[in-house]
Amino acid sequence: DFPLKNQFWLCIKLLSKITPRTSFNHHLRCVTCTESARNYSSIPSNISQNVTYLNLTNNRITLNNQTQKALQIYSNLTELYLNDNVITVLFNNVFCNLLNLRILDISHNNISTILSGAFTGLNQLAKLNLQHNKISELDSDVFTPLRSLTVLNLQDNLLEYFDIKASFKTTTIVLAGNPWNCSCRMLILQKWLNVSNVTVENENDTLCAYPEAWKKSSIKTAPIQTADCQLTATTTFSTSSTNPKNSPPLGKSWAFLVGVLIFVLTTTVLIFTAVKCPTWYRYLISYNHRRLEEDEPDMFEEEFAADLSHFPPISNDYNQEDSTVIFKQIHTFVPEEDGFIEDKYIDANELSEES
């Protein structure tokens, strides 16, 4: 006998008790799904695509290609928990379709590499937990897409320095538990920590691991001498510029360029020489150096004998003086020029054969 209005609200309450993990918000069906310790090796694809809260902690998930494709289905996610899995690498665009994601927890994995585009598309992300991984190096652009980030947790990794962008904005950062090297390379992070007004959580435990004298100093206040860093940079630059061993090797393009340059210079010198010294150039072009063939002496003798046939026969009446004159005439005979310049060099062996 309840009024109709009271019956309506009673049905709503009963439905909420039957399906307590389902609610209605902004005309979107918000589903909370917890699949912890299910021994999953990839993200399951049988979950409702309208899920907004997905907890997959304590599984064996790796973000391979198949897992990435499955993850793109859940575009309504606002919270994603992948902590305590076996993720090793965060590839580019792995979360690019999760435009509504606000909390991402990938702590307690084996992440050692984060590519520069790993967080592309996460414009609404507010909290990022990378605690307890094996991160030893971070690209300065890796957090650039995170325009709404307020909390960044990098605790218990292997970071010695971090070349963070000056434009990067966040409210709270956790850096304790890393082997920070408070040398000149730390100046970029130290300056950002002091200028950006970010809150360093557990600052008293965020200490230098190197050098030995500053082990108890906070990375935010470690006495790194800027002048010493500038002097070291200048010395390193001058040493590398004067020592050819430190200079990078020339590539193949340089070798090709040097070869072309030598060819051009050589051609230019030859052209200049030809213009300025035409006599020498003509002599060089017309010079024909060749060895005499073995049958050439016989041919020369045949030609010489043919020429002798034009002379009148010598009678027996000629005396010795006439013979002498004829002999001199024969030996003074010079064959006509055939248009070639004969090489004056004659092999000694050929001379011995003719004699």
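The CG atom of Leu149 sits 9.5 Å away from atom OG1 of Thr172, with the distance rounded to the nearest 0.5 Å. One finds the CG atom of Leu101 at 7.0 Å from the OG1 atom of Thr78 (value rounded to the nearest 0.5 Å). Put simply, CZ on Phe95 and CG on Leu104 are 5.0 Å apart, with the number rounded to the nearest 0.5 Å. Summarising the geometry, atom CD belonging to Gln49 is positioned 6.0 Å from atom CD1 belonging to Ile73; distances are rounded to the nearest 0.5 Å. Note that the CG atom of Asp156 and the CG atom of Leu159 stand 11.0 Å from one another [nearest 0.5 Å]. With rounding to the nearest 0.5 Å, the separation of OH in Tyr210 from SG in Cys182 is 11.5 Å.
Put simply, the side chain of Asn59 gets close to the backbone of Asn39: a donor and an acceptor are under 3.5 Å apart. In terms of modelled atom types and a separation under 3.5 Å, the side chain of Asn178 and the main chain of Trp180 share no donor-acceptor contact. Side chain of Gln155 to backbone of His132: no donor-acceptor contact under 3.5 angstrom is found. Using a distance-only test at 3.5 Å, with no hydrogens or angles considered, a donor-acceptor pair links the side chain of Ser148 to the main chain of Asn123. Between the Asn109 side chain and the Leu82 main chain, a donor and an acceptor come within less than 3.5 Å of each other. Formation of a donor-acceptor pair under 3.5 Å by the Asn133 side chain with backbone atoms of Asn157 is not found in this model. A distance-only check finds no donor-acceptor pair linking the side chain of Thr221 to the backbone of Ser217 [under 3.5 Å].
Annotation for Lys220: atom NZ counts as buried by contact number, over 12 foreign heavy atoms lying within 6.0 Å. Annotation: Arg147, atom CZ; neighbour count of heavy atoms from other residues, nucleotides and ligands within 6.0 Å does not exceed 12. Within 6.0 Å of atom CD in Gln72, more than 12 heavy atoms from other residues, nucleotides or ligands are found, so the atom counts as buried in its surroundings.
There is a path of hydrophobic side-chain contacts, each under 4.5 Å, that joins Trp192 to Val142. Note on Val174 and Ile114: separate hydrophobic clusters, where clusters join Ile, Leu, Val, Met, Phe, Trp and Tyr whose side-chain heavy atoms are under 4.5 Å apart, directly or indirectly. Linking ILVMFWY residues whenever their side-chain heavy atoms come closer than 4.5 Å, directly or via other members, leaves Leu115 and Leu71 in distinct clusters.
Evaluated for a side chain to side chain contact (heavy atoms under 4.5 Å, CB included) with Thr120, the options Leu146, Asn93, Asn92 yield exactly one hit, Asn93. Between Phe143 and the options Thr170, Leu138, Ile164, a side chain to side chain contact (heavy atoms under 4.5 Å, CB included) holds for only Leu138.
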Q: May I have the step-by-step check of side chain to side chain contact (heavy atoms under 4.5 Å, CB included) for Asn65 and Phe91, ending in yes or no?
A: CA-CA 9 Å; Asn65 292 333; Phe91 295 99; 5.8 Å; no
For a side chain to side chain contact (heavy atoms under 4.5 Å, CB included) check, start with the C-alpha distance between Ile219 and Phe162, then their side-chain angles and the critical distance, and finish with the verdict.
CA-CA 12 Å; Ile219 64 170; Phe162 181 19; over 6 Å; no
Checklist line | Working for side chain to side chain contact (heavy atoms under 4.5 Å, CB included), residues Leu77 and Val51 | finding: CA-CA 6 Å; Leu77 278 175; Val51 63; 4.1 Å; yes
**Request:** Kindly indicate, with the supporting measurements, whether the criterion side chain to side chain contact (heavy atoms under 4.5 Å, CB included) is fulfilled by Ile188 and Tyr161.
**Result:** CA-CA 9 Å; Ile188 297 176; Tyr161 57 87; over 6 Å; no
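In this structure, a donor-acceptor pair under 3.5 Å is present between the side chains of Ser36 and Thr57.
Remark: Asp163 engages Arg185 in a salt bridge, criterion side-chain N to carboxylate O under 4.0 Å.
Evaluation of the side chain to side chain donor-acceptor pair (under 3.5 Å) test over residues 81-90, restricted to residues two or more places apart or in two chains, returns Glu79-Tyr81.
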